[in-house]
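One structure is given below, encoded as structure tokens.
Basis for what follows: all heavy atoms, side chains included, without hydrogens, waters or symmetry-related copies. Values in this document were obtained by computation on a predicted structure and should not be read as measured data.
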Amino acid sequence: MFRNFILGFWVGLPVSAAVGVYGLVMGIQAATQNITWLELMVKSFAVFAGASQIVVVEAWGSPIWLLLIATAAINLRYIMVGLTLRPILNKSPWPLRIIALWYAADENWALTLARRANNLSTGTGFLLGSGMAVLACWQLGGQIGFSIGANLPDPTSLIKAFGFDFAFPAIFLALALSFVKSSIDWLPMLVAACAAIGFSELIPEDTDFQNFYILGGTLAGCIIAALSFADKLDKTIVEVN
């Protein structure tokens, strides 16, 4: 267990370095929203969900119900993440299982599943170790960004000038592409992307609902994926019969 934990931490460091980059972006943004460094640290330990944390920081000051809906919508994917981790966590004690799930992020989840595909001994220890690597880089990047942002006259312009605002979409895109196994897998991704772009153009930027294009794109992609899976399942049943 301990050896797998150390291995997971070590193997998870390269991808965690990328997490630190958009943690830097979140920290810079937090500095502009009157969030203290302690609030930022506690939030990252307690929530530990990069996408929703960035959205909440950007929308800081909006009604609490809106922040809750946005956070819940973005993190719905963790239901499916939990389902895919069931074979890995099933034999672990429930306290360890809860901790491992709590610190299961997109990066260490994908890393764990990819490694387990070639090595069935990859388990809870590896998932938790790689999760701690992600957490460490996330916290470090956030605090460095907070320190930088607090001393910059226009941190938002700096983020856009160096392209840091694309760090988060870039790593998500890389993770998504790693799961493309056949040509049919491209369809939900393309539909989700087009729907998100369409919703972002339709929703005014000066409203509390400007980030709901994420939800619209997600729902569109999920619907297409479900229909594609149903069609493949029907064809399989016909072939078997």
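- S130 places a side-chain heavy atom less than 4.5 Å from the side chain of T112.
- Closest approach of A195 to G217, counting heavy atoms only: CB-CA, 4.0 Å.
- Cluster membership check: W186 does not share its hydrophobic cluster with I197, using side-chain heavy-atom separations under 4.5 Å among Ile, Leu, Val, Met, Phe, Trp and Tyr.
- Within the structure, side chain to side chain donor-acceptor pair (under 3.5 Å) contacts touching residues 2-17 (residues at least two apart or in different chains) do not occur.
- Applying the side-chain contact (heavy atoms from CB on, under 4.5 Å) criterion to T71, with sequence neighbours excluded, gives S52, V56, N75.
- To the nearest 0.5 Å, atom CE of residue M189 and atom SG of residue C194 are 11.5 Å apart.
- Going from atom CD of Q143 over to atom CD1 of I148 covers 11.5 Å, rounded to the nearest 0.5 Å.
- Listed by first and then second residue, the ring-ring contact (aromatic ring centres under 6.0 Å, His included) pairs involving residues 63-102 amount to none (not counting sequence neighbours).
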Could you walk me through whether F126 and N108 satisfy the side-chain contact (heavy atoms from CB on, under 4.5 Å) test, starting with their C-alpha distance in whole Å, then the side-chain angles of each, then the deciding distance to 0.1 Å, before giving a yes or no?
CA-CA 9 Å; F126 186 91; N108 64 312; over 6 Å; no

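- Looking at every heavy atom in both residues, G12 comes nearest to A133 through C-CB, 4.0 Å.
- With rounding to the nearest 0.5 angstrom, the CD atom of E39 is 8.5 Å from the CZ atom of F146.
- Here the shortest heavy-atom pairing between L40 and G27 reads CD2-CA, 4.2 Å.
- Every residue two or more places apart in sequence or in another chain was checked for a side-chain contact (heavy atoms from CB on, under 4.5 Å) with A192, and none qualifies.
- Contacts of Y103 classified as ring-ring contact (aromatic ring centres under 6.0 Å, His included), with partners at least two apart in sequence or in another chain: F48.
- Connection of M41 to I35 is established within a shared hydrophobic cluster, with ILVMFWY side chains joined at heavy-atom distances below 4.5 Å, either directly or through further cluster members.
- Put simply, F45 and V47 are part of two different groups of oily side chains (I, L, V, M, F, W, Y) that touch within less than 4.5 Å, one to the next.
- Among all heavy-atom pairs drawn from C137 and A17, the shortest one is SG-N, 4.1 Å.
- Note: K43 NZ to L38 CG = 12.5 Å, rounded to the nearest 0.5 Å.
- Annotation: N90, atom CG; neighbour count of heavy atoms from other residues, nucleotides and ligands within 6.0 Å is above 12.
- Residues L96 and V134 are members of one and the same hydrophobic cluster, defined by side-chain heavy-atom contacts under 4.5 angstrom among Ile, Leu, Val, Met, Phe, Trp and Tyr.
- In this structure S44 satisfies the side-chain contact (heavy atoms from CB on, under 4.5 Å) test together with M26, Q53, W138, Q139, sequence neighbours excluded.
- Other members of the hydrophobic cluster containing V191, listed by chain and number, are L187, I224; membership follows side-chain contacts under 4.5 Å among ILVMFWY residues, whether direct or relayed.
- Note: the hydrophobic cluster containing L135 also contains I6 (ILVMFWY, side chain heavy atoms under 4.5 Å, direct or indirect links).
- Side-chain atoms of E107 do not come within 3.5 Å of backbone N or O of V15 as any donor-acceptor pair.
- Not counting sequence neighbours, S147 has no partner by the side chain to side chain donor-acceptor pair (under 3.5 Å) test.
- Side-chain contact between L128 and I99 is present, with at least one heavy-atom pair separated by less than 4.5 Å.
- Of the N and O atoms on the side chains of W109 and T84, at least one donor lies less than 3.5 Å from an acceptor on the other residue.
- Partners of R97 under the side-chain contact (heavy atoms from CB on, under 4.5 Å) rule, at least two apart in sequence or in another chain, are L89, L101.
- Atom CG of L85 and atom CG of L113 lie 6.0 Å apart (nearest 0.5 Å).
- Looking at heavy atoms from C-beta onward, I79 lies in side-chain contact with L76 at the 4.5 angstrom threshold.
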Passes side-chain contact (heavy atoms from CB on, under 4.5 Å), T122 versus I88? Steps please.
CA-CA 8 Å; T122 302; I88 296 175; 6.0 Å; no

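- Between the CG atom of L127 and the CZ atom of F5 there is a distance of 10.5 Å, given to the nearest 0.5 Å.
- Take T124 and apply the side chain to side chain donor-acceptor pair (under 3.5 Å) test, not counting sequence neighbours, and it matches S92.
- For the pair Y213/E201, no side-chain contact is recorded, criterion being any heavy-atom separation below 4.5 Å from C-beta on.
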